[in-house]
Amino acid sequence: MTSRPDLRIPPRAAQAPPGAPPPPRSLLQMAAPLVVSFVMRSAFTFVDTAYAATIGDAAIAAIGLTAPFEFLMIAVWVGLSTGLTSGLSRAMGSHEGRKIEQYLRCTWALAIGASIVFLLLGAGIWLVAPRLHLEPDVRSSFRTFGSVLIAGSALTTFWSVIPDSLVKAHHDTRATMWAGIWSNLINVGLNTLFLFVFHWGVFGIALSTVVGRIGGLVYALIQAERHEKRRQMIGADTAPGVDPTPYRTLLGLAVPSSLAFALTAGETALVNWLLSEQQHATEALAAYSIYYRVGMFALTPVIATAIAMLPYAARRFGEGDVEGVRRGLRQATVAVVIYCVALVGPAMLLFAPQLADWLAEAEITRTYTEWALRLIPLACLVGAPFLLCRPVFEAMNRGTPGLAIAIFRYVCLTVPFAWSGMRIAASLGQPSLYGLLAGLLAAAAIASAVFALWLRAALPRPSSGAATAG
């Protein structure tokens, strides 16, 4: 079983020496740059698709066929990042420099392994694509785009885990923001150059994405090196602790985190299948797609706050500051409620009709979309605890609760609640989509409530010095 961190208050000798840079005063200070970065990344999500649209449907289809492989790569990246960020943050909080060195060495090895796997996967796409039963132009585009994107990204994506985790462990989320901005800007610039000047087609689109990530990687490496030099200069590593099983520590978080991330994709696949069997399937599918995209955009600040929560909480657990973790959770909860009630709610009430008119074509689709968009504030509220609790468990080096709740929500609750909601809506003479969304919201609310109660029981009490079993 993965070892759990010692949450006792460290001795005075292990405290940060004079001159050490203080951590940010609040979780929200750490989250703010990530909110900016994530909003920009969401805005740039459609860049490749927009450029591919100038080539034709075959190019767009190639991007869609490559999406599952890219999603798998993201899931592995998220897992590695979670394990390393948590380990580094706890080690920095407890001033155990040898653990930091251990985790960095182990992650380099894991990144090499992941890169080799996805290099082979990219080569596999090149070899297998000609044998797929697709239209010739789609097959050719997928072969080029998929192999270049996956194999090329294997050489750049996983290396970014190390500097990205380092700067977050140092609570420098501004560096994370700027790394993302540089990647996006380079991607757009190279897309324009490769597509409209060099006329490289889908090869240029894939190559611009790969090279764009190098820009963010270089920036993050520079910032990570700067932080590490400062940490070593001030002599903050005053405790001689060493992790006897560093790979177990990292993979104990990486594997559950990757699996939990992958499970979220299953809900969309299930919803698409359920709606495809209903009356007005095309309109319902289109409306749900719009609801999902707008909802994910609205959730961006919550997701950014959840990502900031991991290094924030792990550092404080390393310092023995459990009350600081509770304070961060309270700040996040208040901020999310204010954001949903004061911003997302009025925005959806005012602009849902305009968004529906702009994004939907058929009248039925517009009706479905407007109704669905008004649920987004509630979706953000009930989904926030699910997002915020998991990084706190991961900060305690416990990846199992996040995976368990993900299975509980997406496997045990989503299917029966979505199906029951559709049946109830049909019996009331309402569109099946309405009942399905209500069922999904109920499943999310129950999962969030269970997760919040679990975390409350797992956090050490102020009078106790160690974490209780959860």
Side-chain angles (χ1 to χ4, degrees), residues 16-41 77-78 80-97 99-101 103-104 107-108 111 157-186 213-237 300-301 303-319 321 324-325 327-328 331-332 335 391-392 394-395:
R25 289 173 295 175
S26 71
L27 170 70
L28 300 184
Q29 286 179 309
M30 292 181 62
L34 293 179
V35 171
V36 175
S37 176
F38 278 42
V39 168
M40 288 194 64
R41 291 184 187 188
W77 191 97
V78 168
L80 291 176
S81 176
T82 298
L84 182 57
T85 302
S86 178
L88 291 176
S89 298
R90 287 195 311 275
M92 289 180 188
S94 55
H95 311 293
E96 297 172 303
K99 283 187 178 181
I100 295 174
E101 297 171 0
Y103 296 146
L104 291 176
T107 305
W108 275 113
T157 296
F158 296 110
W159 308 116
S160 68
V161 168
I162 294 169
D164 180 79
S165 297
L166 270 171
V167 296
K168 285 191 293 190
H170 282 284
H171 289 188
D172 182 12
T173 50
R174 290 185 180 180
T176 304
M177 175 187 72
W178 280 108
I181 291 174
W182 281 118
S183 293
N184 289 328
L185 292 177
I186 293 172
R213 289 169 178 165
I214 296 177
L217 171 60
V218 170
Y219 180 85
L221 281 170
I222 293 172
Q223 297 304 314
E225 183 179 10
R226 178 174 63 85
H227 283 298
E228 280 298 280
K229 284 183 177 179
R230 183 178 63 184
R231 180 181 64 81
Q232 294 164 5
M233 286 177 60
I234 64 176
D237 300 329
T300 295
I303 295 172
T305 304
I307 290 177
M309 179 68 78
L310 177 57
Y312 172 90
R315 173 75 72 88
R316 279 153 181 78
F317 279 131
E319 296 170 346
D321 182 14
V325 177
R327 184 168 57 252
Q331 291 173 350
V392 180
E394 291 168 342

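Count residues from 1 along the sequence.
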**OP:** Take Lys99 and Leu88, measure what side-chain contact (heavy atoms from CB on, under 4.5 Å) needs, and give me the verdict at the end.
**Re:** CA-CA 8 Å; Lys99 283 187 178 181; Leu88 291 176; over 6 Å; no

Contact between [X] and [Y] at the side-chain level, heavy atoms closer than 4.5 Å - yes or no?
{"X": "Asp164", "Y": "Ser81", "answer": "yes"}
{"X": "Asp321", "Y": "Arg327", "answer": "yes"}
{"X": "Pro391", "Y": "Ile307", "answer": "no"}
{"X": "Thr85", "Y": "Ser89", "answer": "yes"}
{"X": "Arg213", "Y": "Ser160", "answer": "no"}
{"X": "Met92", "Y": "Leu166", "answer": "yes"}

Subject >> With Arg174 via salt bridge (Lys or Arg N to Asp or Glu O under 4.0 Å) - residues at least two apart >> reply: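 Counting only residues at least two positions away or on another chain, Arg174 forms no salt bridge (Lys or Arg N to Asp or Glu O under 4.0 Å).
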
Original post:
Hey, does the Lys NZ or Arg CZ of Arg316 hover above the aromatic six-ring of Tyr312, less than 6.0 Å from the centre and inside 45° of the axis?
Top reply: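 The answer is yes; both the distance and angle limits are met.
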
Original post:
Distance-only, no hydrogens or angles: does the Thr173 side chain make a donor-acceptor pair with backbone N or O of Met30 under 3.5 Å?
Top reply: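 Confirmed, Thr173 side chain pairs with Met30 backbone.
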
**OP:** Say whether, by atom type as modelled, one donor and one acceptor occur between the side chain of Thr305 and the main chain of Pro301 under 3.5 angstrom.
**Re:**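 Between the backbone of Pro301 and the side chain of Thr305 there is a qualifying donor-acceptor contact (under 3.5 Å).
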
**OP:** Taking only Lys NZ, Arg NE, NH1 and NH2, and the carboxylate oxygens of Asp or Glu, determine whether Lys168 and Asp172 approach each other closer than 4.0 Å.
**Re:**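 Salt bridge between Lys168 and Asp172, a charged N being under 4.0 Å from a carboxylate O: no.
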
Which heavy atom of [X] sits nearest to which heavy atom of [Y], and what is that distance?
{"X": "Gly215", "Y": "Ser183", "result": "C-OG, 4.5 Å"}
{"X": "Pro311", "Y": "His171", "result": "O-NE2, 3.2 Å"}
{"X": "Gly97", "Y": "Arg231", "result": "CA-NH1, 4.2 Å"}
{"X": "Gly180", "Y": "Ser37", "result": "CA-OG, 4.4 Å"}
{"X": "Ala220", "Y": "Val167", "result": "O-CG1, 4.1 Å"}
{"X": "Ser86", "Y": "Leu310", "result": "CB-CD1, 3.9 Å"}

Original post:
What do you reckon, is CH2 of Trp159 surrounded by more than 12 foreign heavy atoms closer than 6.0 Å?
Top reply: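 Check passes, neighbour count above 12.
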
**OP:** Please check if atom CH2 in Trp77 has more than 12 non-hydrogen atoms from other residues, nucleotides or ligands closer than 6.0 Å.
**Re:**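 It does: Trp77 CH2 has more than 12 such atoms within range.
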
Original post:
Do the side-chain N and O atoms of Ser94 and Arg90 include a donor-acceptor pair separated by under 3.5 angstrom?
Top reply: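 Ser94 vs Arg90: no donor-acceptor pair found between side chains.
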
Original post:
Do we see a donor-acceptor contact under 3.5 Å between the side chains of Glu228 and His170?
Top reply: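 Yes.
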
Original post:
Which is it for Gln223 and Arg226 under the side-chain contact (heavy atoms from CB on, under 4.5 Å) test, yes or no, and what are the steps along the way?
Top reply: CA-CA 5 Å; Gln223 297 304 314; Arg226 178 174 63 85; 2.8 Å; yes

**OP:** Would you sort out whether Ile222 and Tyr219 count as a side-chain contact (heavy atoms from CB on, under 4.5 Å), showing the intermediate values?
**Re:** CA-CA 5 Å; Ile222 293 172; Tyr219 180 85; 5.8 Å; no

Subject >> side-chain contact (heavy atoms from CB on, under 4.5 Å) between Val392 and Phe317, worked out >> reply: CA-CA 10 Å; Val392 180; Phe317 279 131; 4.2 Å; yes

